[in-house]
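Note that this is a predicted model, so its numbers are computed, not measured.
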Amino acid sequence: MDAREAPSQRPDTLDITMEDGSNAASAGDSLEAPSNLVPFKDNILPQEESIDLGGAEFATPHEDSSATPSESLMDRLNDQMMESVMISDSPNNSEEEDVAPMDSFLDGGEDLKPAREDEGKEGSQEQPFNQLQAVFSGTDDPFATALSLSEVDRRHDAWLPSEETRKVLISVATQQYSPAYVESSRLTMPGLKFDNLQVDAVKDLMLRFLGEQAAMKRQVLTANSVEQSVIGLKQLVSSKNWRAAVDLTGRLLTAHGQGYGKAGQPTSHTTDSLQLWFVRLALFTKLNLFQNAELEFEPFGNLDQPDLYYEYYPTVYPGKRGSMVPFSMRLLHAELPQYLAKPQEALDRLHHLETICLAILDNLEKGLAEDGSMVTLTQENRQASLKLWRSRLGRVMYSMANCLLLMKDYILAVETYHSIIQYEPQQRVQLLSGIGRIFLQIGDVKMAERYFQDVEKGCQKGGPVTNTTCVLMNRAFVYLSQNNYTEAHATFLEVLKIDPKNPVANNNAAVCLLYLGRLKESLGQLEGLVQQDPTSYLHESVLFNLTTMYELESSRSTQKKQALLEAVACREGDSFNTQCLKLA
Amino acid sequence: MDVNQAKQEHLLALKVMRLTKPTLFTNLPVTCEERDLPGDLFGQLMKQDPSTIKGAESLMLGEMLTLPQNFGNIFLGETFSSYISVHNDSTQIVKDILVKADLQTSSQRLNLSASNSAVAELKPECCIDDVIHHEVKEIGTHILVCAVSYTTQFGEKLYFRKFFKFQVLKPLDVKTKFYNAETDEVFLEAQIQNITTSPMFMEKVSLEPTIMYNVTELNTVASGDDGESTFGKMSYLQPMDTRQYLYCLKPKAEYAEKAGVIKGVTMIGKLDIVWRTNLGERGRLQTSQLQRMAPGYGDIRLSLEMIPDTVNLEEPFDIVCKITNCSERTMDLVVEMCNTRSIHWCGISGRQLGKLSPGASLLLPLTIFSSVQGLQSISGLRLTDTFLKRTYEYDDIAQVCVICPYTSNEC
């Protein structure tokens with residue numbers, strides 16, 4: 001009596017067993033590409049440091065201590081360092097004067113943003129700058145530049161190290177220890193663990209479905225086709241060729257001595273090398289290669305090891321204090337475990353970040369410097385620092401709320417999103433609407449309506465257009481939850497009257513049409529959008545919808561999907577998630 | 001039996017897709033600060049992504065709807081919705097197309113099609129669409145049978161069927177417990193467990209009583225205009241979580257007399273449960289009639305009509321007892337009261353109460369005071385049936401809380 005369909009024809013319904021726990025409610029599944037663990041292939045990139053990369057910024061003196069300023073200057077700097085550490089309570093001995101960070105001059109000038117946030121001329125500082133003039137040749141007012149840069153640095157790099165780390169740093173500073181004597185277990189010794197990720201899934205599909213000739217026409221930027229520098233890296237990132245970008249970071253890191261196989265070997269760190277690591281790990285995350293990221297993050301421990309602080313390199317960064325680890329890297333490190341089914345660990349790490357942010361804000365409000373030392377900051381500096389750390393705290397809370405949502409702890413997630421409003425009041429409308437959507441996901445339509453009404457009340461003052469569209473979108477979702485697809489469709493169309501190019505409204509209107517039994521119309525609409533505006537509509541979720549409808553419509557869906565593949569091939573980089581084409 | 005007709009090439013293709021509610025697309029935010037190497041690149045990428053929330057790109061839950069990607073689970077009480085599409089894959093015009101959709105369960109066969117009339121003609125590349133809904137009322141195997149009959153342009157009559165099998169699972173586990181109070185009230189505790197794989201929002205859990213009872217639901221705390229649920233903010237049930245709902249049933253006045261004489265099994269009422277899941281997907285179930293075994297009262301039932309909760313130390317208070325003759329014969333009763341260490345009866349012990357016919361009851365007001373503080377149990381009533389010379393003892397009839405109204409100085 002039971003006849004089954006040939007498996008290639010979906011979406012016919014098939015046998016369901018009780019173990020089929022996956023339900024359509026978890027859209028998150030569509031996000032996760034299987035994490036590729038691409039092991040190193042023996043015959044590919046050379047690992048020696050003698051790669052000629054052509055970019056001048058990597059022949060830095062950081063690696064090589066012999067390139068530091070002259071001996072007498074060094075002695076004097078060291079003396080001053082010792083003084084400033086031993087008399088640390090004196091307000092005249094602040095950390096942020098004298099030396100401008102050397103690497104900022106070497107990175108093509110991109111980081112030079114002098115006096116953008118402050119004009120910190122602190123009269124109370126009386127340090128002899130004369131000796132240091134020699135270092136800054138050619139700049140207009142090295143004093144002011146140095147001061148303002150160092151203000152910005154100080155507030156961005158401030159961190160509260162753990163007790164153990166603090167002790168090590170103090171002993172390095174007072175030269176009780178030479179850095180060589182710190183236990184290697186407390187040092188960061190990273191190295192690449194994966195190489196040559198550049199697999200272009202789109203090209204593979206083209207080979208299988210469109211033939212070799214068509215596949216040859218595929219043009220993407222590769223790690224070889226750009227400048228082997230940060231500039232080239234940025235090109236790859238912005239053109240969405242993230243796999244190529246990951247490979248390029250690998251090459252640049254290899255030049256730093258942290259290439260494949262170097263994990264576990266002593267090395268030294270600079271701001272640049274850590275930024276490269278950050279970009280590499282961030283790209284792994286964007287590509288959903290979470291295990292790769294976890295493995296390469298491992299040598300960094302919990303980002304609190306002594307050799308990740310400026311104080312550990314008094315010869316390279318004299319006078320500089322704080323953590324070299326970018327705050328965004330800490331955030332990435334904290335968020336990662338939730339994508340590896342360890343959300344509790346992610347929460348723990350995020351709470352730790354939150355604690356430190358709150359401690360720093362507390363210090364600032366008490367009139368101290370970020371790390372608690374008794375330094376007088378000018379009013380502008382203090383305000384700028386408070387602003388920075390409040391926004392960082394807000395970002396940490398976003399991560400916590402997202403993590404709680406992933407764990408399906410809806411009550412805590414809602415509370416956390418709610419508390420972000422005090423840090424980001426300009427995002428109130430979006431946050432409240434987001435909370436409303438969470439309640440719709442739970443099924444509590446009444447509560448969702450209450451939040452949406454809150455949004456409406458706060459919006460009535462004739463504010464920006466985005467507020468009106470927001471209110472309409474919320475209304476449409478409520479209609480959806482009441483099974484009123486007709487009204488939902490009409491409301492999405494109202495959004496389009498105000499904002500005709502709104503991709504979300506267009507997509508959602510087409511989805512409503514399907515539920516109303518109007519498949520052809522829905523298909524026509526979506527297809528038209530993809531053709532007219534591929535930049536907006538060649539997006540995973542739209543393409544999932546389109547290919548699903550192709551399968552519902554006819555048996556010749558493969559041809560139509562191939563047409564989509566061609567459209568994708570012309571414009572999408574190597575990071576495109578080809579699962580949505582359903583051509584597997 | 002018509003099974004696979006793959007041998008014959010059909011001009012029409014039938015496709016079926018279950019329409020669960022769509023889901024909201026989620027993003028994975030990766031951000032950096034402007035001083036970091038990428039500068040504002042990551043920010044730009046997130047802003048350009050059409051599925052992020054503009055102005056709050058770190059918000060994970062977007063607004064873009066994604067169609068269901070798999071069949072998912074279906075539970076008893078939910079509505080099965082499905083899109084049925086018949087597409088003309090050929091190059092010729094097809095005539096007289098009749099599409100029928102039936103749902104076959106182990107016990108019955110239901111017709112689900114919206115229309116039963118044939119479509120006159122279907123041009124190439126066109127399709128006939130139908131969305132069917134059916135509230136699932138049985139557990140177990142269901143088979144959706146779709147039959148298409150049509151006539152080719154040459155007059156040939158063709159026909160094919162497709163079968164789609166799915167399982168309907170049980171969504172909730174309901175356990176009930178009855179508590180008999182000293183009065184005629186019965187308390188029902190219903191334990192409801194979510195045995196699905198996703199959270200459920202319990203929209204309504206109510207007890208529909210039988211004709212004999214009035215129900216008071218005890219699941220809201222009176223506060224403000226609406227009253228807050230006893231479950232507070234936890235408005236939804238996670239998978240495998242259980243909740244208890246409490247109801248108080250009181251027999252209606254006209255049945256109160258008989259309540260004491262009821263023996264055996266009685267029908268109390270039905271639980272009506274409505275829940276919602278993702279984007280308002282609704283489910284509804286009713287239990288069968290809940291039954292309660294009436295407690296055995298023996299020949300005479302003694303219950304309390306009126307008794308205060310809290311009384312003062314050494315102050316007499318009144319109670320009213322109701323004595324029901326649950327036996328088949330007339331009784332002539334004499335009441336005796338015996339004092340206990342803490343309970344002291346006032347009044348005349350050993351008086352006659354008069355004759356009591358079968359099924360009848362009488363009210364007996366009594367006065368007591370307590371000499372000990374705390375929760376005291378009322379004991380010491382004896383009823384003797386003079387006809388049979390049988391004595392019935394009643395101890396621990398009820399509890400009362402005895403407090404001392406004086407402060408320690410005055411006491």
| query | Hey, is the main chain of B/L41 close enough, under 3.5 Å, to the side chain of A/K234 for a donor-acceptor pair? | reply | no

| field | chain A contact via B/Q44 - which portion, at a heavy-atom distance below 4.5 Å | value | neither

| Top contributor to chain B contacts, counting heavy-atom pairs under 4.5 Å, from A/N508, A/V414, A/N502 | A/N508

| message | Which atoms of A/V429 are under 4.5 Å from chain B, going by heavy atoms: the side chain, the backbone, both sets, or neither? | response | neither

| note | Rounded to the nearest 0.5 angstrom, the CZ-CD distance for B/R35 and A/Q275 is 9.0 Å

| task | Check for a donor-acceptor pair, side chain of A/E553 on one end and backbone N or O of B/H87 on the other, with a separation under 3.5 Å. | result | no

| query | When you measure from the side chain of A/Y410 to the backbone N and O of B/Y236, does any donor-acceptor pair fall under 3.5 Å? | reply | no

| With a 4.5 angstrom heavy-atom cut-off, which part of B/P29 approaches chain A: side chain, backbone, both or neither? | both

| task | Please flag which part of B/D49 lies under 4.5 Å from any non-hydrogen atom of chain A: side chain, backbone, both or neither. | result | side chain

| note | Counting heavy-atom pairs under 4.5 Å with chain B, the top scorer among A/L332, A/T466, A/I442 is A/I442

| Does A/M447 reach the side chain of B/S235, with side-chain heavy atoms less than 4.5 Å apart? | no

| Region of A/N545 in contact with chain B, defined by heavy-atom distances below 4.5 Å | both

| query | Hey, are the side chains of A/L276 and B/L37 touching, using non-hydrogen atoms and a 4.5 Å cut-off? | reply | yes

| field | A/K240, part contacting chain B, at a heavy-atom distance under 4.5 Å | value | side chain

| Is A/R437 paired with B/E63 through a side-chain N to carboxylate O contact shorter than 4.0 Å? | yes

| message | Taking side chain as everything from C-beta outward and backbone as N, CA, C, O, which of these in A/D157 sits under 4.5 Å from a heavy atom of chain B? Side chain, backbone, both or neither. | response | side chain

| Hey, does A/F477 have a side-chain heavy atom less than 4.5 Å from the side chain of B/L65? | yes

| said: At a 4.5 Å cut-off on heavy atoms, which part of B/L19 comes close to chain A: side chain, backbone, both, or neither? | reply: both

| field | Top of B/I53, B/T141, B/T277, B/V86 for chain A proximity - count of heavy-atom pairs under 4.5 angstrom | value | B/T277

| A/K520/B/E125 salt bridge by N-O under 4.0 Å criterion | no

| query | For the atom pair CG (B/L28) and CD (A/Q338), what is the distance rounded to the nearest 0.5 Å? | reply | 7.5 Å

| said: I'd like to verify something: which residue of B/S81, B/G39, B/S51 has the highest number of heavy-atom pairs under 4.5 Å with chain A? | reply: B/S51

| Best-contacting candidate, B/R282, B/E281, B/M234, B/M200, against chain A by heavy atom pairs under 4.5 angstrom | B/M234

| task | Under 4.5 Å, counting heavy-atom pairs only, tell me which of B/L45, B/V30, B/L67, B/N88 racks up the most with chain A. | result | B/L67

| query | Where does B/S85 contact chain A at under 4.5 Å (heavy atoms): side chain, backbone, both or neither? | reply | side chain

| note | Heavy atoms of B/G55 and A/Q430 approach each other most closely as CA-NE2, 3.6 Å

| note | Separation between CZ (B/F42) and CZ (A/F278), nearest 0.5 Å, reads 5.5 Å

| What part of A/Y537 is in contact with chain B, defined as an atom under 4.5 angstrom from a non-hydrogen atom: side chain, backbone, both or neither? | neither

| note | Checked A/L431, A/I438, A/V237, A/L519 vs chain B; the most non-hydrogen pairs under 4.5 Å come from A/L519

| note | Honestly, the part of A/N483 sitting under 4.5 Å from a heavy atom of chain B is both

| Straight-line distance of B/K54 NZ to A/C470 SG, nearest 0.5 Å | 12.5 Å

| query | Are the side chain of B/Y83 and the backbone of A/Y515 linked by a donor-acceptor contact shorter than 3.5 Å? | reply | no

| field | A/I420 portion near chain B, given a 4.5 angstrom heavy-atom threshold | value | neither

| Under a 4.5 Å cut-off applied to non-hydrogen side-chain atoms, are B/Q69 and A/K582 in contact? | yes

| B/M17 CE to A/L552 CG distance, which is reported to the nearest 0.5 Å | 6.5 Å

| note | d(B/L59 CG, A/N402 CG) to nearest 0.5 Å is 6.5 Å

| query | Just wondering, more than 12 heavy atoms not from A/K286 lying within 6.0 Å of its NZ? | reply | yes

| note | Closest heavy-atom pair, B/P68 versus A/T548, reported as atoms and distance to 0.1 Å, is O-CG2, 4.3 Å

| message | Tell me which of these, A/V504, A/D444, A/V445, A/V279, has more heavy-atom pairs under 4.5 Å with chain B than the rest. | response | A/D444

| said: Is there a side-chain contact between A/L405 and B/T26 in this structure, where contact means two heavy atoms from C-beta onward sitting under 4.5 Å apart? | reply: no

| request: Go through B/A13, B/C32, B/S58, B/G280 and name the one with the most non-hydrogen pairs under 4.5 angstrom from chain A. | output: B/S58

| Interface residue of largest heavy-atom contact number with chain A, from B/M60, B/K233, B/R276, B/Q238, under 4.5 Å | B/M60

| query | Is the backbone of B/E33 close enough, under 3.5 Å, to the side chain of A/S328 for a donor and an acceptor to pair up by distance? | reply | yes

| note | Max heavy-atom pairs within cutoff under 4.5 Å with chain B, candidates A/E335, A/R392, A/Q426, A/M329, goes to A/R392

| request: Could you tell me which of A/L283, A/L274, A/L440 has the largest number of non-hydrogen atom pairs under 4.5 Å with chain B? | output: A/L440

| Which bit of B/M202 comes within less than 4.5 Å of chain A, counting heavy atoms only: side chain, backbone, both or neither? | neither

| task | Look at the side chain of B/D129 and the backbone N and O of A/R518, then say whether any donor-acceptor pair between them is shorter than 3.5 Å. | result | no

